[in-house]
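Single-structure report; data block below.
Computed from a predicted structure; not experimentally measured.
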Amino acid sequence: MSACGDLLEDIEDMVTSTDLTPEERFGSRKNVIPRVRKKQKEPETSDNQNNAQCDSVIPGTQSIYVKTWGCSHNNSDGEYMAGQLAAYGYRITDTPSAADLWLLNSCTVKNPAEDHFRNTITRAQKDDKKVVVAGCVPQGQPRSKYLKGLSVIGVQQIDRVVEVVEETLKGHSVRLFGQKKDHGKKLGGAKLDLPKIRKNPLIEIIAINTGCLNQCTYCKTKHARGELGSYPPDEIVSRARQSFEEGVVEIWLTSEDTGAYGKDIGVTLPELLWRLVEVIPEGCMLRVGMTNPPYILEHLEEMAKILSHPRVYAFLHVPVQAASDSVLMDMRREYCLADFKQVINFLKERVPAVTIATDVICGFPTETAEDFEETLQLVEEYKFPSLFINQFFPRPGTPAAKMQRVPPQEVKRRTKAISELFQSYRPYDHKVGEIQNVLVTEESHDKKFYVAHNKFYDQVLVPKDEKLLGKMVTVEITSTGKHYLMGRLLSDQVTKVAIATPLPKGTVSGVQENLQEADSTTVTAQTPLSWCQHQLSRVAPVSMPLWMQVAAFVLVLAVVLDFCRILYRVSTKF
């Protein structure tokens with residue numbers, strides 16, 4: 001017996017004569033009328049309309065604001081991204097409020113730079129702007145909370161900026177990281193022949209490699225740029241040659257460590273520099289970027305010869321960071337003070353009046369008061385004309401961030417002490433009365449003068465005369481300041497001229513092969529929008545409204561397609 005009553009022998013015993021038959025059960029369904037469920041309409045609000053995603057975006061109808069922080073390598077990346085966007089059809093604007101999207105290219109070296117970057121993101125979101133972030137901050141710390149939901153471009157993926165911007169404008173979030181590799185070996189990054197909009201049409205910044213070989217305990221940039229990846233010499237020389245053909249008069253070589261260039265591909269920095277010297281036109285100059293002491297030590301003899309060349313600035317940026325060997329060891333700088341002095345003394349002996357710029361960090365966690373005194377003595381001994389003074393900042397994820405910090409007030413005291421020492425001497429007073437050839441490249445910050453540089457890369461202020469821009473002129477030094485020399489033009493005649501007229505500011509570089517025939521002094525990109533407008537003008541008068549031109553173009557296109565369809569059907573019958 002079961003709990004439910006008598007035991008059933010078979011499942012069919014559950015059916016009795018009083019139950020409905022199958023015909024009766026299903027036959028009643030013809031009288032059932034389904035009810036239509038009404039969809040609830042969501043109230044249309046301005047927020048919903050603003051957040052609606054677009055199916056497509058027509059290039060050339062949006063404006064992009066590009067903002068870059070940090071080093072010359074970052075600035076070059078920003079110029080490349082702006083160039084690609086402009087070449088594709090987007091309008092690049094310097095007015096943030098007028099832009100549909102902000103492209104923010106960040107720097108991770110110091111806390112203040114990242115703070116400014118973060119605050120700019122907040123402002124963009126408050127202003128309801130689309131945001132794409134790039135540079136070393138998102139590459140080095142992609143899980144940061146304030147980057148959540150934002151589109152990101154990795155430092156080696158800048159050649160795909162158009163795709164990321166397009167998707168972001170549609171309302172999507174894209175995170176694009178990854179390294180450029182060839183047969184498993186890291187490359188320098190995106191190609192050097194990409195379109196670019198130079199901030200200064202007279203200056204080309206070429207990144208010769210990315211990453212470095214060091215493991216400095218305070219450095220966050222290594223987390224972003226990674227190990228060394230060098231560009232082949234042919235690509236660098238080709239980019240330099242193209243730049244000169246576009247009116248550039250000054251080339252900056254940049255990277256996280258130019259001295260380490262080529263160690264991953266079997267070439268050396270001097271080999272590259274000698275090849276570049278061959279293509280530098282008369283009246284143009286080359287500036288070599290920052291190099292750490294361990295690698296430049298290997299090439300001192302050749303570097304002295306290169307820096308003495310008339311078309312290469314006798315200028316080198318060699319960071320020391322600290323003059324204490326114990327602090328340098330804790331920083332993992334891979335050199336001692338004697339190595340740094342050997343570089344400086346050798347170059348000063350072989351290249352008279354050479355300019356050496358350097359960096360110091362005040363308040364590294366293991367720096368004692370005695371260690372700091374050694375740094376002061378070094379500055380007093382060499383009286384560097386260019387000295388970059390930095391306070392220590394604990395960057396997330398670095399070994400130094402876990403060390404016991406020097407009290408903030410002591411860090412400020414040391415920073416003030418070395419700043420006062422730097423301000424106490426005037427490195428240029430002995431040059432008053434000298435006759436110098438200077439290359440004029442930019443406008444001064446106060447807009448009152450043009451800025452030129454002499455052979456030693458000293459900043460020389462000259463009269464603001466547009467015909468001087470991009471020219472090598474002869475001046476007499478009449479006075480000096482802490483950071484500049486004042487030059488009086490000796491002749492109205494320009495002594496040397498670049499080989500080509502510079503591109504107008506804001507013009508896209510590197511896309512000449514894709515252009516329609518242009519004026520000999522002006523180069524403009526053939527964008528998708530301009531191509532469409534050109535086609536429209538062939539079927540509709542330019543004076544017609546744009547929507548009528550589009551309608552006419554679509555009508556003509558439909559007729560052509562219909563005619564092709566008829567031809568296809570006729571051909572298939574035979």
For a quick check under 3.5 Å, do [X] and [Y] share a side-chain donor-acceptor pair by atom type?
| X | Y | result |
| --- | --- | --- |
| Asn75 | Lys199 | yes |
| Asn74 | Thr68 | no |
| Ser97 | Thr95 | no |
| Arg395 | Thr108 | yes |
| Lys110 | Asn390 | yes |
| Gln436 | Asn454 | yes |
| Arg332 | Tyr218 | no |

Could you give me the CA-CA distance, side-chain angles and deciding distance for Tyr425 and Glu380, then say whether side-chain hydrogen bond (donor to acceptor under 3.5 Å, both in side chains) is met? CA-CA 9 Å; Tyr425 59 84; Glu380 178 68 40; over 6 Å; no

Under the side-chain hydrogen bond (donor to acceptor under 3.5 Å, both in side chains) criterion, do Tyr335 and Asp325 qualify, and how do the steps go? CA-CA 8 Å; Tyr335 59 87; Asp325 286 346; over 6 Å; no

Kindly list each side-chain donor-acceptor pair under 3.5 angstrom involving residues 201-209, sequence neighbours excluded, with atom names and distances?
residue: Glu204; atom: OE1; partner: Arg198; partner atom: NE; Å: 2.6
residue: Glu204; atom: OE1; partner: Arg198; partner atom: NH2; Å: 3.3
residue: Glu204; atom: OE2; partner: Lys196; partner atom: NZ; Å: 3.3
residue: Glu204; atom: OE2; partner: Arg239; partner atom: NE; Å: 2.9
residue: Asn209; atom: OD1; partner: Ser255; partner atom: OG; Å: 3.4
residue: Asn209; atom: ND2; partner: Ser255; partner atom: OG; Å: 3.3

Distance-only, no hydrogens or angles: does the [X] side chain make a donor-acceptor pair with backbone N or O of [Y] under 3.5 Å?
| X | Y | value |
| --- | --- | --- |
| Thr258 | Met290 | yes |
| Asp330 | Thr366 | no |
| Thr355 | Phe315 | no |
| Tyr261 | Tyr231 | yes |
| Lys220 | Thr398 | no |
| Asp359 | Phe388 | no |

Salt bridge [X]-[Y], side-chain N to carboxylate O under 4.0 Å:
| X | Y | value |
| --- | --- | --- |
| Lys263 | Glu298 | yes |
| Asp429 | Arg426 | yes |
| Asp458 | Lys482 | no |
| Lys447 | Glu443 | yes |

How long is the straight-line distance from [atom2] of [Y] back to [atom1] of [X], given to the nearest 0.5 Å?
| X | Y | atom1 | atom2 | answer |
| --- | --- | --- | --- | --- |
| Ile236 | Leu272 | CD1 | CG | 4.5 Å |
| Phe364 | Arg414 | CZ | CZ | 12.0 Å |
| His309 | Met285 | NE2 | CE | 9.5 Å |
| Lys305 | Leu273 | NZ | CG | 13.5 Å |

Is [Y] close to [X] at the side-chain level, that is, under 4.5 Å between some pair of heavy atoms?
| X | Y | answer |
| --- | --- | --- |
| Leu378 | Phe384 | yes |
| Leu147 | Phe117 | yes |
| Val312 | Arg287 | no |
| Asn345 | Tyr382 | yes |

For the pair Glu256 and His73, evaluate side-chain hydrogen bond (donor to acceptor under 3.5 Å, both in side chains) and give the outcome as yes or no after the intermediate values. CA-CA 8 Å; Glu256 285 63 60; His73 193 165; 3.0 Å; yes

Side chains of residues 133-143: which donor-acceptor pairs under 3.5 Å do they make with residues two or more places apart or in other chains?
residue: Gln139; atom: OE1; partner: Val155; partner atom: N; Å: 3.0
residue: Gln141; atom: NE2; partner: Glu114; partner atom: OE2; Å: 3.1
residue: Gln141; atom: NE2; partner: Ser144; partner atom: OG; Å: 3.3

Leu228 versus Lys186, closest heavy-atom pair with distance: O-CD, 4.1 Å

